Asker: 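Starting off with a structure, shown below.
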Amino acid sequence: MTESNQPEKVFKTEEMVLNMGPQHPSTHGVLRFELTTDGEVMTKAVPDIGYLHRGIEKLAETVGYVGFMPYTDRIDYVSAMTANQGYAMAVEKLAGIEVTRRAELLRCTASELNRISSHLVGVGSFGLDMGASTPFVHALRERETINDLLESLCGARLTYNYVRIGGVSHDLPTGFIDKAMVFLNHFEPIVGELNRLLSDNKIFIERLANIGVISKEDAINYGLVGPNLRGSGVKFDVRRDEPYSVYPELDFNIPVGLGKAGTLGDCFDRYYVRVEEMRESAKIVRQCLLKLKDLPEGDIMGKVPRKIKPPKGEVLVKVESSRGEMAYWIVSDGSDNPLRLHCRTGSFTSMGIIEKLSRGMMIADLVALIGSFDIVAPEVDR
Amino acid sequence: MRERHPRSVNFEIPRYILFMTYFSNIKTAVSTVFEGMTITFSHLLREPMTIQYPDRTPLPVKDTLPPRYRGFLCVRPEICTACTLCQKTCPIDCIVIEHSKDEELKQRVMTRFDIDMAKCMFCGLCTEQCSTGAIYFTNEFEASTSNIKDLVFKFIKQGEKVIPYKIPRKKKPAAAAAETQAAAKEKKE
Amino acid sequence: MQPFIDQIISECEILQGLPLWFSYLIFQLIFCGIIFVFVAVFAMLAGYAERRVAGRIQSRIGPNRVGPQGILQSLADGIKVFLKEDIIPTHADHILFRLAPYFIFIGMFLSFVAIPFSSQWVIADLDIGIFYLLAVESLVVIGIVMSGWASNNKWSLLGGMRSAAQIVSYEVPVALTILLVVMYSGTMSIQGIIMAQGAAPWNWNIFQTPFLFVAFFPLFMGSLAEGNRMPFDMPEAESELVSGYNTEYSGFRFVIFFFAEFSNLYLIGALATVLFFGGWQAGPLPDFVNGLLGIETPLSAAIVKNLVELCVFMFKSLCLVFIVIQLRWTLPRVRVDQLMNICWKYLVPVAFFNLVVMGIWMVVVPEYVTDIVALCMTACGVLLLGYFFYRVAWQLKNTKARLRFNPLS
């Protein structure tokens, strides 16, 4: 022992264990983190999940194929449309049901609008986590218009239950295309304003740059998906790489993290990917609406048997949800209930890497990290 | 020994670059804060978006909802065929229909049609199954009550017997609709 | 204050019969009561105004139901909080827990003693007034650390510790900047600092030289940090520490924290006004108003003069308060280590640099050059303000926003 180590022996310090959550404003729902801190600096943060477990996957085994559709809304209530779509696609693949083109376009329009609204919540609440409360309210203000649009389309503002096995529940209401176009025209400058207010802000950038850096390899190894994966510079998007629905005919870019503020794969990159994705989604909605305008009126439901009884087998279908790749795995035993249903969600996979990244972070950085993953607690637990 | 803070790793950066970043930091900080201030100030001059629910809206909110809005469920028992498809399709079993063969009337009657709105998740699967449109969504949504039992909507009163509606076969749709309307009118009176 | 009381006594025959010390005591107590009421009312109204401003910034309306346009909202909230159960956690340090709010409140309230609201209306015009202000405001940090420690809550403790580090650090740039102003004015008396400036903008300290202009920012940011206002509200940090040091407080003790926060909001504005914006200096305005009203008796003339100066002072300080409020709703929060970086790597060097250069400037540069520079600086200030409003107009045009200028709806 050298002399310099003496003070540490005399003033013995302990690490402090802190409970962050289950009720905490920046854990985005009922989620708990056990922090081991040395003053402000953490040595470890362990996510403790399961506070919102509702057994949705088990419920699927009793409510039947059609009856499970409303439950998919509740898996990820911020982006319910993509969850709907993924489940419907899985059952369609299992039972061999064809979907009409009009229904596909409607699904695409609705889920891209939903993606915008979900990213608005993500971006806005991320600002709130960083202490800027105004961008959050501005983002929610824009989301309100999307909610109105989707409400006129399917009758609900949050748990849409719009997609049906074999199609969708409603066709476009009158005036929807014009209203949506007005919104998109209004929305694009608003994203610019949001950038000027929040993303360009020096304090905001300083809070996020070089925090929670995830390398490409780590992002893939830990199974990150969606914007979290793309934030690390991996150009992977289910919509482009394993295309489904009408995405192959649409023209859109896949924004990836560029290390604009600091290192590639830091919190700012993940945040900025979401901002860029909102613009891309607006582009997609515009194209879909134009296609819908040209398309003659037609069936919105394909030929669906009265009782859906898929043949024995299993299927894995992936969609790009707002929080990343969302996979449904359904095993059928030939009866009218699935034997087993599992969904793999973006928020859940991002919980794994938190413990690794949290070492040496400050408490405020953990808030930034959780916010940058855009975690929705019910999606973690299901 | 305590581990070093990962961020405190020192890179060898030339002095003059540090000096320049010092001032560029100040410059960007000042200019972005200024820009943010102009945006927030401009919002002071913009129209607020608030809808002052419930009392200071130009129209009652109920009337501004789109026609597809999924509010409370409502049932017209007079055109209900007692097929119980809605009951079967409901994923959470919040609809209870009781029907039995009545000895006096010598036919099937419905004695109970309850919907537990406290359980209902407004998914709309029941309304899609209904062939006559007897079960439908209204624009009502204000559900707060001091007793949760108030949320069990009884569409057939205790002791009342409702003869299920029979869809007339091989009739033109217009005639069927007229009959439906007549039935509804009769019920009202 | 003394000349004003003397004037009243000389006018009023009843008071002449009383011993002089007694009438002084009475008047000082009355003025203290007025200040106390002012602090309370200001805290209430500032709470309301902040919520209304925040509302409009966020495309909302804000509270508008209690009383006309919701002006009594803070009162209603206060009553609600009073009626709450007063909880002291079982394992809290009871004595410190009860004591902490008073430290905070005393620290805030004692500062008001030295704030000059007009040329004669100041409770105590101390010769070392600005030094007194600095000293007294530091009492607040003791209260915050106390409350954080006594709550027996880890999050509160973190809040208390953050605040201790923050307030103690930010005293340094604030003190250095105040030293600069003291050096420029040649006095430590607050009234003296105001007298050394003038009513016109080019006579204000802020526009005297570029260095004084730059020096304003360390002071302003420092007092924001000391008052735990937004970009530096580490101790409260809603999204990190939930509510920080006052998490465990409820009922009346919580109200005291609330009062302290908002009276400190006014102190931020008042301090900057005194040091940089010419305080209550109203120039020929009081004489003009007196002439307009046709007032002749010296006492009422003095009252009118003081009132006009009070209005000027209030206007200036409330403008700054508005900026503080707007900043809160614009900026994200800095991290706790960045907070220290800003203080020690940016504000302190800038303050030191200003101090040294200003000292040289005062020795070397002749007075007429300073006058010309002051005029140029004022012009620059006006241009900056103009550019601000140009950008505001551009923002509105860029997003094709629908406008509503009525501030109340």
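Worth saying up front: this structure is predicted, and the values here are computed from it rather than measured. Reminder, nothing fancy here: chain letters follow the sequence lines and each chain counts from 1.
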Asker: Side chain, backbone, both or neither: which part of C:Asn398 has an atom under 4.5 Å from a heavy atom of chain B?
Answerer: neither
Asker: Are there over 12 heavy-atom neighbours, none belonging to C:Phe315, within less than 6.0 Å of that residue's CZ?
Answerer: no
Asker: Is C:Ile323 in contact with chain B via its backbone, its side chain, both, or neither, using a 4.5 Å heavy-atom distance?
Answerer: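 Both backbone and side chain of C:Ile323 come within 4.5 Å of chain B.
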Asker: Side chain, backbone, both or neither: which part of C:Ile57 has an atom under 4.5 Å from a heavy atom of chain B?
Answerer: both
Asker: Could you check whether any side-chain heavy atom of B:His43 comes within less than 4.5 Å of a side-chain heavy atom of C:Gln395, counting everything from C-beta outward?
Answerer: no
Asker: How about CD1 on B:Ile51, more than 12 heavy atoms from neighbouring residues, nucleotides or ligands closer than 6.0 Å, or not?
Answerer: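 At most 12 heavy atoms, drawn from other residues, nucleotides or ligands, come within 6.0 Å of this atom.
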Asker: Please report the interatomic distance CZ(C:Arg56) to OG1(B:Thr50), rounded to the nearest 0.5 Å.
Answerer: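 Going from CZ on C:Arg56 over to OG1 on B:Thr50, the span is 9.0 Å.
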Asker: Quick one, C:Ser59 and B:Arg46 - any side-chain contact, counting heavy atoms below 4.5 Å?
Answerer: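 With C-beta onward as the side chain, the pair stays apart.
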Asker: Considering heavy atoms only, which positions within residues 382-391 of chain C lie below 4.5 Å of chain B?
Answerer: C:Leu384, C:Tyr387, C:Phe388, C:Phe389, C:Arg391
Asker: Please say whether more than 12 non-hydrogen atoms of neighbouring residues, nucleotides or ligands are located less than 6.0 Å from NZ in C:Lys154.
Answerer: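 Correct, the count exceeds 12.
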Asker: Under a 4.5 Å cutoff for heavy-atom pairs, which residue among B:Ile26, B:Thr32, B:Val33, B:Leu45 has the most contacts with chain C?
Answerer: B:Leu45
Asker: Between C:Ile61 and B:Arg56, is any pair of side-chain heavy atoms under 4.5 Å apart?
Answerer: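 No. Closest side-chain heavy atoms not under 4.5 Å.
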Asker: List the atom of B:Pro48, the atom of C:Arg60, and the distance in Å for their closest heavy-atom pair.
Answerer: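 Of all heavy-atom pairs spanning B:Pro48 and C:Arg60, the closest is CB-O, 3.3 Å.
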Asker: Which atom names give the shortest non-hydrogen contact between C:Val53 and B:Leu44, and what distance separates them?
Answerer: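 Result for this residue pair: O-CD2, 3.9 Å.
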Asker: Heavy-atom count around C:Phe352 CZ within 6.0 Å, excluding the residue itself: above 12?
Answerer: no
Asker: Side chains of B:Asn25 and C:Tyr346: does their closest heavy-atom pair fall under 4.5 Å?
Answerer: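 Side chain of B:Asn25 against side chain of C:Tyr346, heavy atoms only: contact under 4.5 Å found.
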Asker: Please check if the side chain of C:Gln326 supplies one atom and the backbone of B:Met37 the other of a donor-acceptor pair under 3.5 Å.
Answerer: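 Side chain of C:Gln326 to backbone of B:Met37, a donor-acceptor pair under 3.5 Å: yes, one is there.
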Asker: Could you look at C:Pro349 and say if it's the side chain, the backbone, both or neither that has a heavy atom under 4.5 Å from chain B?
Answerer: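 Only the side chain of C:Pro349 comes within 4.5 Å of chain B.
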Asker: Using a 6.0 Å cut-off, check whether atom CZ of C:Phe353 has over 12 heavy atoms from anything other than its own residue.
Answerer: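 At most 12 heavy atoms, drawn from other residues, nucleotides or ligands, come within 6.0 Å of this atom.
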